[in-house]
Amino acid sequence: MRKTIIAGNWKMNKNKSEAVAFANSLKEKISNIENVEIVVCPSFVSLVTLCDILKETQAEVGAQNLHWEASGAFTGEVSAEMIEAIGCRYVIIGHSERRQFFNETDDKVNKKIKRALTSCCLIPIVCVGETLDQREQGKTNAIIRTQVTKALESISSMQMQRLIIAYEPVWAIGTGVTASPEQAEEVHRLIRDLIEELYDEQTAEGISILYGGSVKPSNIADLLKQSNIDGGLIGGASLELDSFIEMIKIAEHLSN
Ligand code: 13P
């Protein structure tokens with residue numbers, strides 16, 4: 001049985017004191033959550049502090065990026081080892097904003113995933129998704145197939161046990177427009193089928209596939225009820241404590 005995951009991607013929001021206040025309040029409100037994996041992904045400047053605050057709670061902490069090399073002359077970059085050493089458990093890789101604004105290609109995404117998987121325990125959350133243009137041209141399936149296949153190049157079925165995929169249609173990110181549960185489920189099914197094609201049924205059944213794109217308390221239940229949607233990667237609605245908690249509680253209720 002795949003565990004439901006509710007992950008907040010804060011993007012470039014919240015300074016350190018705001019992040020600390022959020023984490024301290026979050027900690028107090030999640031002690032009775034048992035069936036949901038909670039993940040908070042703050043900016044790099046708050047990562048160390050949040051790892052400390054949320055240590056030994058139900059919440060894990062994730063980074064929003066890493067570099068594919070282990071160390072070296074890469075000014076401004078952060079390595080897998082650095083992230084892992086502070087107690088960070090997750091790392092988002094290949095978010096569409098990084099693909100769009102920072103020239104993150106499928107090849108770079110693949111290298112970053114491989115680096116994350118050579119660390120001891122980092123869990124990559126690998127993002128894929130089509131633009132509105134691509135969807136309107138009927139290219140969604142082809143785009144998703146290419147992104148997933150290239151991202152997973154040379155990754156073993158053993159390593160796949162430690163990897164999460166997030167389907168985030170670009171047209172639904174930060175727009176208020178969510179994919180309907182049926183639209184999302186169709187792509188999630190496609191991704192799971194593709195994993196089976198690339199690996200085997202057991203790997204496909206074991207992998208968690210999150211949905212991201214304008215997820216909020218009012219639509220999360222219908223999304224999570226789909227059989228191939230295993231959680232949410234949430235931007236805007238994860239920034240506000242009450243709505244984040246509400247979504248966690250809905251997910252907990254549905255997984256009971
Ligand atoms: P929104 O929930 O703000 O649409 O962002 C989704 C996202 O990009 C999460 O990674």
Side-chain angles (χ1 to χ4, degrees), residues 4-14 18-19 22 26 36-44 46-47 50 59-66 83 88-102 104 109 112-113 116 122-132 134-135 140 143-144 147-148 151 163-181 183-185 187-188 191 208-224 226 229-248 250-251:
T4 305
I5 300 165
I6 298 295
N9 174 10
W10 288 357
K11 308 187 181 183
M12 198 172 72
N13 292 292
K14 291 195 193 294
E18 291 164 338
F22 186 109
L26 177 70
V36 176
E37 176 87 340
I38 303 163
V39 186
V40 178
C41 305
S43 76
F44 278 117
S46 303
L47 217 47
L50 260 57
E60 296 286 350
V61 179
Q64 297 176 18
N65 187 26
L66 50 58
I83 294 168
C88 202
R89 186 106 168 85
Y90 288 83
V91 58
I92 298 173
I93 297 178
H95 192 281
S96 64
E97 286 149 16
R98 295 214 55 88
R99 293 178 190 256
Q100 187 182 349
F101 303 125
F102 303 99
E104 199 149 301
V109 169
K112 290 181 177 198
I113 297 168
L122 273 180
I123 300 174
I125 302 177
V126 181
C127 302
V128 297
E130 82 287 1
T131 63
L132 184 59
Q134 291 163 337
R135 174 162 282 262
T140 301
I143 295 290
I144 300 298
Q147 287 180 348
V148 173
L163 182 142
I164 291 171
I165 293 181
Y167 168 56
E168 298 206 316
V170 179
W171 48 272
I173 296 176
T175 57
V177 182
T178 324
S180 69
Q183 277 174 321
E185 170 66 9
V187 180
H188 281 234
I191 294 170
S208 291
I209 308 175
L210 315 184
Y211 169 78
S214 298
V215 176
K216 43 190 176 248
S218 60
N219 60 24
I220 194 165
D222 288 338
L223 288 159
L224 293 180
Q226 304 298 314
I229 300 184
D230 306 310
L233 180 57
I234 304 156
S238 75
L239 293 171
E240 213 237 303
L241 185 69
D242 287 348
S243 70
F244 192 52
I245 300 277
E246 199 180 335
M247 291 185 284
I248 292 166
I250 292 169

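Remember, it's a predicted structure, so these values are computed and weren't measured experimentally. Only heavy atoms go into these numbers, but all of them, side chains included; no hydrogens, no water, no symmetry mates. Read the numbers this way: they start at 1 and go in the same order the structure lists the ligands and their atoms.
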Could you tell me the residue and atom name of the protein heavy atom closest to atom 2 (O) of ligand 1, and the distance to it rounded to 0.1 Å?
-> Gly235 N, 2.9 Å
Counting each atom of ligand 1 from 1 as listed, which ones have a heavy atom of Gly213 under 4.0 Å away?
-> 4 (O), 6 (C)
Any nitrogen or oxygen of Gly236, main chain or side chain, under 3.5 Å from a nitrogen or oxygen of ligand 1?
-> yes
When distances are taken from atom 9 (C) of ligand 1, the protein heavy atom at minimum range is Glu168 OE2, 2.9 Å
May I ask whether Ala237 has any heavy atom positioned less than 4.0 angstrom from an atom of ligand 1?
-> no
How long is the gap from CD1 on Ile250 to CD1 on Ile245, to the nearest 0.5 Å?
-> 12.0 Å
Taking all heavy atoms of Ala179 and all of Pro169, pick out the closest pair and write down the distance.
-> CB-CG, 4.3 Å
Polar atom proximity, Gly174 to ligand 1 (N or O, under 3.5 Å) | yes
Logged contact type for Leu233 with ligand 1, heavy-atom cut-off 4.0 Å, is both
Which ligand 1 atoms, with their elements, are less than 4.0 angstrom from a heavy-atom of Ser214?
-> 1 (P), 2 (O), 4 (O)
Just by distance, do the side chain of Lys14 and the backbone of Leu239 share a donor-acceptor pair under 3.5 Å?
-> yes
May I ask whether Ala172 has any heavy atom positioned less than 4.0 angstrom from an atom of ligand 1?
-> yes
So, Asn9 side chain and Gly235 main chain: donor-acceptor pair closer than 3.5 Å or not?
-> no
Residue, atom and distance of the protein heavy atom nearest atom 5 (O) of ligand 1 read Lys11 NZ, 3.2 Å
Measure up the Phe22 and Phe244 rings against each other and bin them: parallel (under 30°), tilted (30 to 60°), perpendicular (over 60°).
-> tilted
Between the side chain of Lys112 and the main-chain N/O of Leu66, is any donor-acceptor distance below 3.5 Å?
-> yes
For Gln64 and His95, does a side-chain donor sit closer than 3.5 Å to a side-chain acceptor?
-> no
Got Glu97 and Ile173 here, is their nearest side-chain heavy-atom distance under 4.5 Å?
-> yes
Is there at least one pair of N or O atoms, one from Thr175 and one from ligand 1, spaced under 3.5 Å apart?
-> no
